[in-house]
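Reviewing the structure listed below.
Heavy atoms only: backbone and side chains are in, while hydrogens, waters and symmetry mates are out.
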Amino acid sequence: MSNFFDSEIVQREMREIHELQTIVYNASQDYVSLSREEKIEHIENLTELLDMQRVMYTRLSLSEDPNAKKMKVELEKSVILLGFPAGTDISVLFSGMSQTIESLKQGIDY
């Protein structure tokens with residue numbers, strides 16, 4: 001059995017997710033003061049990040065690697081830290097994030 005995290009694709013995508021999370025986090029702190037164009041770029045980054053996170057979660061879900069399974073469980077536990085009840089399916093989190101992105105789009109006449 002190969003190690004999920006040894007895959008070059010997984011390593012690259014995890015780096016990209018981390019980099020995009022940093023960009024999104026930094027822009028979120030100043031969102032109200034961003035120009036319309038910067039807000040559009042932020043929304044596009046959020047959308048890309050959400051898509052990448054969904055793909056990674058799906059990969060984790062399909063993997064038989066014990067470390068991937070462990071990471072999936074940890075991600076599912078993190079939903080609780082975001083205020084969701086224990087046992088909430090992570091797809092609910094993803095749906096909520098999609099709705100937030102749509103609200104941001106409406107707020108700037110995207």
Side-chain angles (χ1 to χ4, degrees):
M1 174 186 332
S2 67
N3 188 337
F4 180 82
F5 296 103
D6 286 343
S7 163
E8 289 180 37
I9 293 170
V10 169
Q11 289 178 15
R12 177 179 41 86
E13 289 182 2
M14 293 205 45
R15 273 192 311 274
E16 290 172 3
I17 287 171
H18 177 73
E19 290 167 7
L20 202 46
Q21 283 174 327
T22 301
I23 291 166
V24 164
Y25 177 76
N26 290 335
S28 294
Q29 294 179 325
D30 300 322
Y31 185 77
V32 293
S33 63
L34 297 178
S35 69
R36 182 177 187 280
E37 292 76 26
E38 290 170 326
K39 287 179 180 178
I40 289 171
E41 181 180 353
H42 179 65
I43 291 168
E44 289 171 353
N45 286 338
L46 281 170
T47 302
E48 182 180 357
L49 177 59
L50 180 58
D51 290 344
M52 292 175 75
Q53 289 172 330
R54 280 183 170 145
V55 168
M56 184 59 68
Y57 183 76
T58 299
R59 286 186 181 178
L60 290 168
S61 298
L62 295 173
S63 178
E64 292 299 321
D65 183 277
N67 291 323
K69 289 180 178 187
K70 182 179 177 182
M71 183 174 196
K72 179 181 178 254
V73 168
E74 293 303 316
L75 287 172
E76 290 167 344
K77 287 179 185 176
S78 70
V79 173
I80 297 168
L81 299 174
L82 296 171
F84 291 91
T88 299
D89 190 294
I90 206 159
S91 66
V92 172
L93 172 66
F94 289 144
S95 294
M97 292 169 72
S98 291
Q99 289 173 355
T100 298
I101 291 170
E102 288 305 313
S103 295
L104 290 172
K105 286 179 181 180
Q106 291 174 3
I108 61 165
D109 283 334
Y110 190 82

Connected via hydrophobic side-chain network under 4.5 Å: [X] and [Y]:
{"X": "Ile80", "Y": "Ile90", "answer": "no"}
{"X": "Val55", "Y": "Tyr57", "answer": "no"}
{"X": "Val73", "Y": "Leu62", "answer": "no"}

Item to check | Exam field: side chain Ser7 to backbone Asn3, donor-acceptor pair closer than 3.5 Å | outcome: no
Checklist entry - Does the Arg36 side chain pair with the main chain of Ile108, one donor and one acceptor, at a distance under 3.5 Å? => result yes
Any side-chain heavy atom of [X] within less than 4.5 Å of one from [Y]?
{"X": "Leu82", "Y": "Val79", "answer": "no"}
{"X": "Leu49", "Y": "Ile23", "answer": "no"}
{"X": "Leu75", "Y": "Leu60", "answer": "yes"}

Item to check | Crowding at CD1, Ile9 (>12 non-hydrogen neighbours, <6.0 Å) | outcome: no
Next on the checklist: Would you say that more than 12 heavy atoms from the other residues, nucleotides or ligands in this model lie under 6.0 Å from the CD of Gln29, or not?
Outcome noted: yes
Item to check | Taking every non-hydrogen atom, the tightest pair across Ala68 and Phe5 | outcome: N-CE1, 3.7 Å
Checklist entry - Looking at Pro85 and Thr88, what are the two nearest heavy atoms and their distance? => result O-OG1, 2.5 Å
Checklist entry - Where do Ser98 and Arg54 land on the side chain to side chain contact (heavy atoms under 4.5 Å, CB included) test, with the steps shown first? => result CA-CA 11 Å; Ser98 291; Arg54 280 183 170 145; 3.0 Å; yes
So which pairs with a foot in [range] pass salt bridge (charged side-chain N to carboxylate O under 4.0 Å, His left out), sequence neighbours left out?
{"range": "residues 69-88", "result": "Glu64-Lys69, Lys72-Glu76, Glu74-Lys77"}
{"range": "residues 15-25", "result": "Arg12-Glu16"}
{"range": "residues 88-102", "result": "Glu102-Lys105"}

Checklist entry - Can you check side chain to side chain contact (heavy atoms under 4.5 Å, CB included) on Met71 and Met14, steps first, answer last? => result CA-CA 12 Å; Met71 183 174 196; Met14 293 205 45; 3.5 Å; yes
Checklist entry - What distance separates Leu93 CG from Ser78 OG, expressed to the nearest 0.5 Å? => result 7.0 Å
Next on the checklist: Measuring from atom NZ of Lys39 to atom CG of Leu104, what distance do you get when rounded to the nearest 0.5 angstrom?
Outcome noted: 9.0 Å
Checklist entry - How would you list, by chain and number, every residue that makes a side-chain contact (heavy atoms from CB on, under 4.5 Å) with Asp30, sequence neighbours excluded? => result Ser33
Item to check | Within residues 43-53 or reaching into it, pairs that qualify as side-chain hydrogen bond (donor to acceptor under 3.5 Å, both in side chains) - sequence neighbours excluded | outcome: Glu44-Tyr110
Checklist entry - With sequence neighbours excluded, what pairs up with Tyr31 under the ring pair (Phe, Tyr, Trp, His ring centres under 6.0 Å) test? => result His42
